[in-house]
Amino acid sequence: MSERSEQPTDTAGPLARGNRMDPAVNSATEAFLAHRNLLFTVAYEMLGSAADAEDVLQESWLRWAGVDLGTVLDPRAYLIRITTRQALKRLRTLDRRKESYVGPWLPEPLLTSPDVAEDIELAESVSMAMLLVLETLGPTERAVFVLREVFALEYDEIAEAVDKSPAAVRQIAHRARSHVAARRPRGAVSAAQIRDALEAFQSAVETGDLQRLLDILAPDVVLVADGGGLKQAALVPVVGADQVAHVLGRIAPASLEPAQVNGHPALIFRRDGGLDTVMAVRIDDGLITGLYAVRNPEKLSHMARETTVSR
């Protein structure tokens with residue numbers, strides 16, 4: 001059954017009413033909740049925004065609630081298809097917002113549980129560095145890459161989700177895979193390596209040890225700060241170890257603490273007891289090549305509690 005034939009139903013919150021609804025709605029609710037974390041992850045990887053991913057899930061639920069479940073052979077694939085289509089629609093809105101965004105745009109960080117790192121492919125796919133690589137893909141390419149490389153959907157399933165032929169999806173997947181391969185971190189980096197680099201970075205920043213900071217930064221390191229016009233942040237990326245070290249040396253005193261963000265070790269900066277900045281890193285050949293500092297307070301709401309991502 002095509003998702004385009006579905007009609008949104010009751011918008012008053014059937015998920016919240018549970019077993020007070022009829023058995024068909026209960027079955028739909030159970031199926032949706034069983035796959036909710038996976039659907040959130042699909043939407044988040046496509047959008048880079050947890051808030052927008054949550055909106056996509058609500059829109060997907062409204063469509064799923066109107067489906068005749070007797071016609072659905074594979075609820076997981078069907079739900080992924082609905083979610084993908086809603087995420088593609090949302091991408092157009094998000095792209096318009098980015099056009100007027102103040103300064104660099106970074107994905108919304110997620111506080112994740114340590115066990116996410118155990119699934120290496122999943123952890124890489126939600127990392128800040130990978131999400132920024134995915135930003136360089138077109139919407140359809142991004143959807144195809146995520147569904148194929150992260151969630152291992154078959155080409156005919158992806159074709160249904162993006163309204164392309166399976167042959168076209170194969171070509172798009174090949175193109176997207178090559179594009180990502182040319183831009184992803186050059187070698188596999190373990191969580192322990194990232195943690196060691198962050199510990200050295202944290203110590204250098206806290207002690208003001210400029211030489212130790214330069215030792216851990218790659219010569220061509222890039223610092224990207226997202227303040228969204230709400231917090232002070234460089235309006236363009238800062239490039240080069242000397243320039244980045246100079247900027248970091250001017251950081252006002254803050255409490256730095258490690259955290260698991262987007263499946264990888266990261267640092268949280270706190271001032272006056274409140275969350276100020278979340279900083280993730282990219283590491284190539286043992287050196288920090290990318291620093292991603294999210295300061296926009298509107299993007300930090302998902303740092304208050306762990307978010308479950310899965311596939």
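Every value quoted in this text rests on a predicted model; they were computed, and no experiment measured them. We number each residue from 1, following the sequence as shown.
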Q | R85 side-chain N/O to S60 backbone N/O, donor-acceptor pair under 3.5 Å | A | no

Q: Can you establish whether the number of heavy atoms outside L230 located under 6.0 Å from its atom CG is more than 12?
A: yes

**Q.** Any donor-acceptor N/O pair, S203 side chain to A200 backbone, under 3.5 Å
**A.** no

Q | L213 CG to I288 CD1 distance, which is reported to the nearest 0.5 Å | A | 8.0 Å

Q: Any chance you could measure N262, atom CG, to L122, atom CG, to the nearest 0.5 Å?
A: 10.5 Å

**Q.** 4.5 Å side-chain heavy-atom contact, V294 and M128
**A.** yes

Q. Quick one: does R90's side chain have a donor or acceptor within less than 3.5 Å of a partner on A53's backbone?
A. no

Q. Do K89 and E59 sit within salt-bridge range, that is, some charged N less than 4.0 Å from a carboxylate O?
A. no

(Q) How about CG on D272, more than 12 heavy atoms from neighbouring residues, nucleotides or ligands closer than 6.0 Å, or not? (A) no

Q: Could you tell me whether R282 sits above the aromatic face of Y292, with NZ or CZ closer than 6.0 angstrom to the six-membered ring centre and within 45 degrees of the axis?
A: no

(Q) Taking V150's backbone N and O only, do any of them form a donor-acceptor pair with R311's side chain (distance below 3.5 Å, no angle check)? (A) yes

Q: Assess the side chains of Q211 and D215: does a donor N or O sit below 3.5 Å from an acceptor N or O?
A: yes

Q) When hydrophobic residues are tied together by side-chain contacts of less than 4.5 Å, even through go-betweens, does V221 share a cluster with V238? A) yes

Q. Quick one: does D284's side chain have a donor or acceptor within less than 3.5 Å of a partner on T289's backbone?
A. no

Q: For P109 and V261, work out which heavy atoms get closest and say how close.
A: CB-CG1, 3.8 Å

Q | Minimal non-hydrogen separation, G263 against A117, with atom names | A | O-CB, 3.8 Å

Q | S310 side chain vs L38 backbone, donor-acceptor pair below 3.5 Å | A | yes

**Q.** Contact check, side chains of P114 and E306, non-hydrogen atoms, under 4.5 Å
**A.** yes

(Q) Would you say L256 ends up clustered with V281 if hydrophobic residues are merged whenever their side chains have heavy atoms under 4.5 Å apart, either directly or through other cluster members? (A) yes

(Q) Please check this pair: side chain of E108 against backbone of A51, looking for a donor-acceptor N/O pair closer than 3.5 Å. (A) yes

Q) Distance from T84 atom OG1 to F151 atom CZ, nearest 0.5 Å? A) 9.0 Å

Q: To the nearest 0.5 Å, tell me how far H174 NE2 sits from R177 CZ.
A: 7.5 Å

Q | Interatomic spacing from CG in L291 to CE in M279 - rounded to 0.5 Å | A | 5.5 Å

Q) So do the side chains of I158 and F145 get within less than 4.5 Å of each other, counting heavy atoms only? A) no

Q) What heavy-atom pair brings A28 and L69 nearest, and what distance separates the two atoms? A) N-CD1, 3.7 Å

Q.
If you compare all heavy atoms of A123 against all heavy atoms of V116, which two are closest, and at what distance to 0.1 Å?
A. CB-O, 3.8 Å

Q: State yes or no: do V247 and V222 share one hydrophobic cluster built from I, L, V, M, F, W and Y residues joined by side-chain heavy-atom distances below 4.5 Å, directly or via other members?
A: no

Q) With a 4.5 Å limit on heavy-atom distance, are the side chains of H264 and R195 in contact? A) no

Q) Taking C-beta and beyond as the side chain, do K299 and W105 meet within less than 4.5 Å on heavy atoms? A) yes

Q: Quick one: pull up CD in E135 and CZ in R183 and give me the separation to the nearest 0.5 Å.
A: 13.0 Å

Q. Should the ring pair F40 and H302 be called parallel, tilted or perpendicular, given that the plane angle runs from 0 to 90° and is split at 30 and 60?
A. parallel

Q: Flag yes if more than 12 heavy atoms outside E257 fall under 6.0 Å of its CD atom; otherwise flag no.
A: yes

Q: State, with a plain yes or no, whether a side-chain heavy atom of E45 is found less than 4.5 Å away from one of V126.
A: yes

(Q) I'd like to know if the side chain of T41 reaches the main chain of V309, judged simply by a donor and an acceptor atom lying under 3.5 Å from each other, with no hydrogens or angles considered. (A) no

Q) Within a radius of less than 6.0 Å around NZ of K231, do more than 12 heavy atoms belonging to other residues, nucleotides or ligands occur? A) yes

Q. Between R97, R92, K98, which is the residue that forms a salt bridge (Lys or Arg N to Asp or Glu O under 4.0 Å) with D52?
A. R97

Q.
Quick check: do V180 and M130 have side-chain heavy atoms less than 4.5 Å from each other?
A. yes

Q | Backbone N/O of I80 and side chain of T83: donor-acceptor pair under 3.5 Å | A | no

Q: Could you tell me which non-hydrogen atom of A245 sits nearest to which non-hydrogen atom of L210, and how far apart they are?
A: CB-CD1, 3.5 Å

Q: Determine, using the 4.5 Å side-chain heavy-atom cutoff (strictly less than), whether V133 and M46 are members of one ILVMFWY cluster.
A: yes

Q) Should L111 and T307 count as side-chain neighbours, where that means a heavy-atom distance under 4.5 Å? A) no

Q.
Between E157 and A77 (side chain of the first, backbone of the second, donor and acceptor by atom type, cut-off under 3.5 Å), is there such a pair?
A. no

Q) Do you reckon L300 sits in the same ILVMFWY cluster as Y44, going by side-chain contacts under 4.5 Å, direct or chained? A) no

(Q) Looking at Y78, I'd like to know if the NZ or CZ of R81 sits under 6.0 Å from its six-membered ring centre while staying within 45 degrees of the ring's axis. (A) yes

Q: List the steps, then state whether side-chain contact (heavy atoms from CB on, under 4.5 Å) holds for V162 with E141.
A: CA-CA 10 Å; V162 300; E141 286 181 321; over 6 Å; no

Q) If you take all heavy atoms of G286 and I216, which pair is closest and at what distance? A) O-CD1, 4.2 Å

Q) Between R36 and E54, is there a salt bridge with N-O shorter than 4.0 Å? A) yes

